[in-house]
Amino acid sequence: MGTPVRSGALGRSGVEVTELAFGAAGIAGLYRPVSEEQAYAALDTAWDAGIRYFDTAPHYGVGLSERRLGAMLRGRSGYTVSTKVGRLLEPFSGGGDDLDNGFAVPATHRRVWDFSADGVRRGLEESLERLGLDRVDVVYLHDPDDHASEAFGEAYPALERLRSEGVVGAIGAGMNQAEMLTRFVRDTDVDVVLCAGRYTLLDQRALAELLPSAEERGTSVVIGGAFNSGLLADPKPGATYNYASAPQDVLEQALRIKAVAERHGTTLRAAALAFPLAHPAVASVLVGTRSADEVRDAVRQFATAVPADFWQELRETRLLPEEAPVPDPVPDPDPVPVPDPSSVPDPSPAPGTGEEPS
């Protein structure tokens, strides 16, 4: 494929990420099994397309995502890896599967919340072992929603120490909300935050405080969940929005945006990927994929031009707020038929950190 993907640095860290990133929850059996062959084909296809930023976490498939990603990267160079801390994996002998946590893998371990300083170090050490690496580029505090006191008081200072020791290149937090991430940006020295599902064509709540604060502080933002867990990939009855069945009014809004895209000769998926990167604080968009076909589709949509008149119509019809930045103008082509979504691989649900369950 060989499609080049631009890259840039995270905050002041010097760690570089490609604008399109690979979210590695899907290759760990998110919602349904994924074979090793299928997982490695997805990763290799992303590499061949020029993607060099890969995001994972212990939570994804109780370590399977980290193991598979590490095996693919072995012997390669020039990539950026982020993983997460806050959930430790402890051996579990009860048997069964991990579907209660969203992953179609054997329940070999159980997750234990731990945002203590010792927990952060232990979690990172175990992640490095699974990845087969001696360091990672980025470490996020993973979903500290209900652990604010420990996260700010113990976990964040531990990350600062790891960064000063050179064990990691950049530090931050990853969440499915914007409010606590804004606090991280304002009250700490994080390099980056990962905001999932809160800066999309359907949900712009990060625009109120998080993104302006990040731009002011020189903190980078990585956007996950650009498809809002599936609805913006293929809006239809039964599609998921924020990991649940989409409410009727939200489904209708997604269908209206899709119709505007088709009138302007583009696709809803292309617009959903293009929109977040128009904000100057956003460095990368994570897309969760589980197969080579889904990677190829994501890359193709990412490279698809979204004409200026599309964004103008969204604003005029109040489907997008006037204050939301939009991509630089491209010529508006003559409307052309858009392929039936059923003719391309369905990327829903294909969550990576972009679409991952909390």
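Bear in mind that the values here come from a model prediction, so they are computed numbers and not experimental data.
- Atom CD of Glu165 is surrounded by more than 12 heavy atoms from other residues, nucleotides or ligands within 6.0 Å.
- A heavy-atom distance below 4.5 Å is found between the side chains of Val136 and Leu131.
- Ring-plane geometry between Trp47 and Phe54 is classed as parallel, the angle between the planes falling under 30 degrees on a 0 to 90 degree scale with a further cut at 60.
- Checked against the 6.0 Å centroid threshold, Tyr199 and Phe275 count as a close aromatic pair.
- Under a 4.0 Å N-O distance rule, the pair Asp118/Arg121 does not qualify as a salt bridge.
- Nearest approach of Val17 to Ser284, heavy atoms of both residues: CG2-CB, 4.0 Å.
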* Asked: Should Arg296 and Asp48 be marked as a salt bridge (Lys or Arg N to Asp or Glu O under 4.0 Å) after you check the CA-CA gap, both sets of side-chain angles, and the distance that decides it?
  -> CA-CA 10 Å; Arg296 282 189 282 267; Asp48 291 343; over 6 Å; no

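- Checked by atom type and distance alone, the side chain of Thr240 never pairs as donor or acceptor with a backbone atom of Tyr243 at under 3.5 Å.
- The two residues Arg290 and Leu30 make their nearest non-hydrogen contact at NH2-O, 2.8 Å.
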* Criterion side chain to side chain donor-acceptor pair (under 3.5 Å) on Tyr140 and Ser82, from CA distance to verdict -> CA-CA 7 Å; Tyr140 296 108; Ser82 59; 4.7 Å; no

* Working for salt bridge (Lys or Arg N to Asp or Glu O under 4.0 Å), residues Asp234 and Arg269 -> CA-CA 8 Å; Asp234 185 11; Arg269 297 195 305 287; over 6 Å; no

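- Not one N or O on the side chain of Thr56 forms a donor-acceptor pair closer than 3.5 Å with the backbone of Thr83.
- When all heavy atoms are compared, the tightest approach of Gly169 to Arg135 is N-NH2, 3.4 Å.
- Connection of Val287 to Val282 is established within a shared hydrophobic cluster, with ILVMFWY side chains joined at heavy-atom distances below 4.5 Å, either directly or through further cluster members.
- Distance alone, capped at 3.5 Å, places no donor-acceptor pair between the Arg205 side chain and the Arg198 backbone.
- Side-chain atoms of Thr266 come within 3.5 Å of backbone N or O of Ala305 as a donor-acceptor pair.
- The backbone N or O of Thr80 lies less than 3.5 Å from no partner atom in the side chain of Arg52, so there is not a single donor-acceptor pair.
- For Gln312 (side chain) and Ala308 (main-chain N/O), no donor-acceptor pair under 3.5 Å exists by modelled atom type.
- In this structure, Glu216 places its CD atom where only 12 or fewer heavy-atom neighbours from other residues, nucleotides or ligands lie under 6.0 Å away.
- Minimum interatomic distance between Gly197 and Asn228 (heavy atoms only, all atoms of both residues): O-ND2, 3.2 Å.
- Under the 4.5 Å side-chain heavy-atom criterion for grouping Ile, Leu, Val, Met, Phe, Trp and Tyr, Val62 is connected to Leu64 within one hydrophobic cluster.
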* To do: Mind running side chain to side chain contact (heavy atoms under 4.5 Å, CB included) on Val138 and Ile171 for me, showing each step along the way?
  => CA-CA 6 Å; Val138 187; Ile171 60 174; over 6 Å; no

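- Between the Gln204 side chain and the Leu201 main chain, a donor and an acceptor come within less than 3.5 Å of each other.
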* **Pair Lys258-Leu232, side chain to side chain contact (heavy atoms under 4.5 Å, CB included): steps then yes or no** => CA-CA 8 Å; Lys258 179 183 178 182; Leu232 284 171; over 6 Å; no

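- Pro144 places a side-chain heavy atom less than 4.5 Å from the side chain of Met175.
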* Asked: Would Phe22 and Leu43 count as a side chain to side chain contact (heavy atoms under 4.5 Å, CB included) if you check the C-alpha gap in whole Å, the side-chain angles of each, and the deciding distance to 0.1 Å?
  -> CA-CA 8 Å; Phe22 188 101; Leu43 288 163; 3.5 Å; yes

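- A 4.5 Å side-chain heavy-atom check between Lys84 and Leu141 finds every atom pair outside the cut-off.
- The side chain to side chain contact (heavy atoms under 4.5 Å, CB included) test with Asp143 singles out one residue from Gln177, Arg87, Met180, and that residue is Arg87.
- Hydrophobic clustering of Ile, Leu, Val, Met, Phe, Trp and Tyr side chains at less than 4.5 Å, counting indirect connections, unites Val250 with Leu207.
- When all heavy atoms of Gly218 and Arg12 are compared, the pair lying nearest together is O-NH1, 3.7 Å.
- A donor-acceptor distance shorter than 3.5 angstrom exists from the side chain of His279 to the backbone of Ala281, with no hydrogens or angles considered.
- The salt bridge (Lys or Arg N to Asp or Glu O under 4.0 Å) contacts involving residues 97-107 comprise Asp98-Arg111, where partners must be two or more places apart or lie in separate chains.
- Environment of CD in Glu129: sparse, with no more than 12 heavy atoms of neighbouring residues, nucleotides or ligands closer than 6.0 Å.
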* Derivation and outcome, salt bridge (Lys or Arg N to Asp or Glu O under 4.0 Å), residues Arg263 and Asp309 -> CA-CA 10 Å; Arg263 280 199 294 276; Asp309 284 358; over 6 Å; no

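- For Phe184 and Phe152, the gap between ring centers is short of 6.0 Å.
- Side chain of Thr289 to main chain of Val295: no donor-acceptor pair is present (N/O by atom type, distance under 3.5 Å, no hydrogens or angles).
- Leu88 is not connected to Phe103 by any chain of hydrophobic side-chain contacts under 4.5 Å among Ile, Leu, Val, Met, Phe, Trp and Tyr, and they are in different clusters.
- At a threshold of 4.5 Å between non-hydrogen side-chain atoms, the residues Tyr241 and Asp203 count as touching.
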* To do: Evaluate the side chain to side chain contact (heavy atoms under 4.5 Å, CB included) criterion for residues Val168 and Asp137: first the C-alpha distance (whole Å), next the side-chain angles of each, then the deciding distance (0.1 Å), finally the verdict.
  => CA-CA 5 Å; Val168 301; Asp137 304 284; over 6 Å; no

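- With 3.5 Å as the limit, one finds a donor-acceptor pair spanning the side chains of Ser116 and Asp114.
- Proximity of Val192 to Val221: side-chain heavy atoms (C-beta onward) are nowhere separated by under 4.5 Å.
- Applying the salt bridge (Lys or Arg N to Asp or Glu O under 4.0 Å) rule to pairs touching residues 169-185 yields Arg183-Asp187, sequence neighbours excluded.
- With hydrophobic clusters built from ILVMFWY side chains whose heavy atoms lie under 4.5 angstrom apart, Leu255 shares a cluster with Leu319.
- For the pair Arg217 and Val190, the minimum side-chain heavy-atom distance is 4.5 Å or more.
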* Any chance you could lay out the side chain to side chain donor-acceptor pair (under 3.5 Å) test for Glu19 and Ser7, step after step, and finish with the verdict? => CA-CA 6 Å; Glu19 287 184 329; Ser7 62; over 6 Å; no

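- Here Phe115 and His147 bring their ring centres to under 6.0 angstrom of each other.
- Closest approach of Thr45 and Ala41 over heavy atoms only: OG1-O, 2.7 Å.
- Crowding of Arg76 atom CZ: a count of heavy atoms from other residues, nucleotides or ligands under 6.0 Å exceeding 12.
- With hydrogens and angles ignored, the 3.5 Å screen pairs a side-chain donor or acceptor of Ser65 with a backbone N or O of Ala24.
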